[in-house]
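Order of appearance sets the numbers: ligands from 1, and atoms from 1 within every ligand. For the numbers below, each heavy atom of this structure counts, side chains included, while hydrogens, waters and symmetry mates do not.
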Amino acid sequence: MSGTSRYRYLFSPLRVGPVTVRNRIVFAAHLTNFAEDGLPSRQHADYYAARAAGGAGLLITEEHSTHPTDWPYEKLIHGFHREVIPGYRAITAAVHAHDVPIFAQLNHNGGQASSMFSRLPVWAPSAVPDPMFREVPKAVERHEIAEIVAGYGTVAGHCAEGGFDGIELQCSHSSIVRGFLSPATNKRTDAYGGSLPCRARILLEIIDCVREAIGPDRALGVRICGDELIEGGSTLDEAVDVARMVEATGQVDYINTSIGVATASLFMIEASMSIPPGYALFIANAMRRAVRVPVIGVGRIKDPVQAERALAEGHCDLVGIVRGQIADPDFAAKARAGYPTQIRTCLSCNQECVGRMGLNRWLGCLENPRTGREAVPLPPPRRRARRVIVVGGGPAGLQAAATAAQRGHRVTLYERQPRTGGQVAVAATVPSRAEFLDVVRNLAAECQRGGVDVRTGVEATAESLRADAPDAVVLATGARPEPPYWAADHPRVVDVRDVLEGRAEPAGQVVVIDDLGFHQATSVAELLADRGCTVEIITAGMVVGQDLGITLDMETFNMRAHAKGIRQATDLVVTGATADGAGGEGTAADAAPAGVVLELLHHPTGQPARRHCDWVVCAVHQAPDDALWHQLRGAPFEVHRAGDCVTPRRAHAAVIEGHRAAVAL
Ligand SMILES: Cc1cc2nc3c(=O)[nH]c(=O)nc-3n(C[C@H](O)[C@H](O)[C@H](O)COP(=O)(O)O)c2cc1C
Ligand code: SF4
């Protein structure tokens, strides 16, 4: 069945003011860090063009700053400089080549910024510091409000000259307009504060000014936050009233929606996999019931079935699919062609998209090594197919096999375990992490479609490989747990993988050591707490699960950890583990009755500390499983390696290197 008949709503056209979109799939606004010196770049043009070519109905760019006081992060597009116009033209031409409209999002981040880049005071409605930037903003005076409004008009004019088909005003999660709308940040007593109509005054002035700048032939939309999820902030009822006011201007063609505030409840804007798909649709639904213009719903809509359902159930008129199209630019085309299972569904892991934004790097994707690299051509595939053996069925091996097959090679993959997936398959077995397995499912399906001969439960050896005599071998043999020096072979000191793979069953009092600062320690702690253990996580760092902050998993983990009674201790280095003569709880199968005494050092003060527990579970650095690599030295065929068997890292490195190895074949 073709996608158009299967997805009746998704692939029906819609008028958005003066613009017609061919389907309801929107690539909504998101930062990319692709700008160079405040100007749009070639990277932008190629990135957006790939999503237009992939069938999206409408593209909305990342935000363009409307005023020099707004520079919250380095690689922001400074729309207020006329020099942006050639870059705008390159973007719009690249997208229009695929007959897809593209809107520009305009914004001033207001108090949700710092003066670090601009070296100008941060502007906001009132002197209320943002909890993340912690800088007291300057409360804008009347003439500065007029300057802000005019700035929107100027940038809208640049966008019109640059060929954009419409403008979206970001008034939702990180914006001076949101700052004005919100009772939490607007404490003014003049005409721009107090009642909702007064707090919305600046928005209505901006709408007038922008409409004047772009004329009637371009669309204008407003993105509104449906619930700030902060104490004293805007709530859904007020947001719906704002939508009504916006519509009543008669100048706005659509409403986009959002939830949360970028600097206080960010984890709800780009929700990670622990938050259910479609979690913010109630906002679009409420607005859609209040206005007649089209409304965009957004938030973890992962596949075309969910998108179709959001439309069919009347929650929204258009569906924002951001990470879904970061991961797979051809999301819409595959759905339309009737191949939805071929979509590389986004994991909502936030590791390479949101995570890289926070680190000031250009946008990428854990699942898609080509995201952000659209402009970099790959070498053409060889004319003659080669016989390739891939050893290891984790993400590195699967990616290598899939790409090698797509480039025309004949590929066999050996995995010694009964199933593919490697450590990802293990990591996905713990609470709230199941969707991580999608990367394995997606890659395994690509291998199958590419005709890769996948043999599980088969261990490739140096001898078997030499006997096979392929043209090339890609080793993706992964990493193995390496006990820390202080473990001293204590039977009750085990690795996370021992627990997740069922070789150890800790019970009673368990201490989890977090040396990695990611999901390993927090996941196993949750699992063990769910099994009735009393759990404490100890780290030498300043915070447990440090990197969960950049993937927006920190808040939700802490909420769950609190509910499960998981304790956390920081700044503690483990210096030794000895048998605890007092004994402890163990599994029936375990021969060692004694527990563990863990010697610790509080490194900021040099004070020793100690814990008596039944088990210690280590989330610590692993060692590369590189024996085959060494055994194959001098082999009469090419040998490549990828992922953790080079050196253990996170899944994105495995995928990137698997792809790189396959391209090099
Ligand atoms: C890396 C990244 C950056 C984002 N930056 C913006 C932004 O500049 N403006 C905006 O309105 N929304 C921004 N968003 C929010 C998205 O528009 C969208 O609401 C969110 O990603 C949820 O949709 P999804 O689950 O389909 O990804 C960003 C999202 C991501 C993933
Ligand atoms: S990095 Fe993860 S969350 Fe981001 S687009 Fe890729 S799969 Fe989705």
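At a heavy-atom distance under 4.0 Å, only side-chain atoms of Val298, from C-beta outward, approach ligand 1. Proximity of His30 to ligand 1, defined as any heavy-atom pair under 4.0 Å, is shared by backbone and side chain alike.
For ligand 2, the atoms closer than 4.0 angstrom to any heavy atom of Glu352 are 1 (S). Annotation for ligand 2: atoms under 4.0 Å from non-hydrogen atoms of Asn350 are 2 (Fe), 3 (S). Listed by atom number, the atoms of ligand 1 under 4.0 Å from Met357 heavy atoms are 1 (C). Of all atoms in ligand 2, listed by their number and element, those nearer than 4.0 Å to a heavy atom of Ser348 are 3 (S), 8 (Fe). Close approach of ligand 2 to Leu347 (heavy-atom distance below 4.0 Å) involves ligand atoms 7 (S), 8 (Fe). Close contacts between ligand 1 and Ile321 involve ligand atoms 26 (O) [criterion: under 4.0 Å to a heavy atom]. Residue contact check: Gln105 has heavy atoms under 4.0 Å from atoms 7 (C), 8 (O), 9 (N), 10 (C), 11 (O) of ligand 1. Atoms of ligand 1 found under 4.0 Å from any heavy atom of His173 (numbered from 1 in listed order, with element): 9 (N), 10 (C), 11 (O), 12 (N), 13 (C). With ligand atoms numbered from 1 in the order given, ligand 1 contributes 11 (O) to contacts under 4.0 Å with heavy atoms of Gln170.
Between the side chain of Lys302 and the backbone N or O of Gly324, no donor-acceptor pair lies under 3.5 Å. Without hydrogens or angle criteria, Gln105 side chain to Glu62 main chain gives no donor-acceptor distance under 3.5 Å.
One of the N, O or S atoms belonging to Cys353 lies under 2.8 Å away from atom 4 (Fe) of ligand 2.
The shortest N or O to N or O distance between Val354 and ligand 1 is not under 3.5 Å. For ligand 1, the polar-atom distance check finds no N/O of Tyr279 at less than 3.5 Å from any of the ligand's N/O atoms.
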| field | Phe164 and Ile102: CA distance, side-chain angles, deciding distance, side-chain contact (heavy atoms from CB on, under 4.5 Å) verdict | value | CA-CA 6 Å; Phe164 284 103; Ile102 178 164; 3.9 Å; yes
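No side-chain donor from either of Asn285 and Glu313 sits under 3.5 Å from a side-chain acceptor of the other. In summary, the side chains of Gln399 and Glu657 do not present any donor paired with an acceptor at a separation below 3.5 Å, with no hydrogens or angles considered. In summary, the side chains of Ser172 and Gln170 do present a donor paired with an acceptor at a separation below 3.5 Å, with no hydrogens or angles considered. When only modelled atom types and interatomic distance are considered, Asn109 and Ser174 share a side-chain donor-acceptor pair under 3.5 Å. Side-chain contact of Arg178 with Gln112: a donor-acceptor pair under 3.5 Å is present, judged by distance alone. Between the side chains of Thr235 and Asp227, no donor-acceptor pair is found at a separation under 3.5 Å.
Not a single heavy atom of Gly324 lies less than 4.0 angstrom from ligand 1. Under a 4.0 Å heavy-atom criterion, Arg300 is in contact with ligand 1. The closest approach between Glu168 and ligand 1 stays at or above 4.0 Å for every heavy atom of the residue.
Residue His108 holds its NE2 atom at 5.5 Å from OG1 of Thr66, rounded to the nearest 0.5 Å.
Nearest non-hydrogen protein atom to atom 22 (C) of ligand 1 is Ile269 O, 3.4 Å. Residue, atom and distance of the protein heavy atom nearest to atom 26 (O) of ligand 1 are Val322 N, 2.9 Å. In this structure, atom 14 (N) of ligand 1 lies nearest to the protein heavy atom Ala29 O, 3.3 Å. Looking from atom 5 (S) of ligand 2 to the surrounding protein, the closest heavy atom is Arg323 O, 3.5 Å. Nearest non-hydrogen protein atom to atom 3 (C) of ligand 1 is Leu31 N, 3.2 Å.
A centroid separation of less than 6.0 Å is found between the aromatic rings of His30 and Tyr47.
Classified by interplanar angle (parallel below 30°, tilted 30° to 60°, perpendicular above 60°), the ring pair Phe27/Tyr48 is perpendicular. Ring-plane geometry between His64 and Tyr88 is classed as tilted, the angle between the planes lying from 30 to 60 degrees on a 0 to 90 degree scale.
The heavy atom nearest to atom 18 (C) of ligand 1, considering only Arg323, Arg223, Glu270, is found in Arg223.
Cation-pi geometry between Arg650 and Phe518 is met: under 6.0 angstrom from the ring centre, within 45 degrees of the axis.
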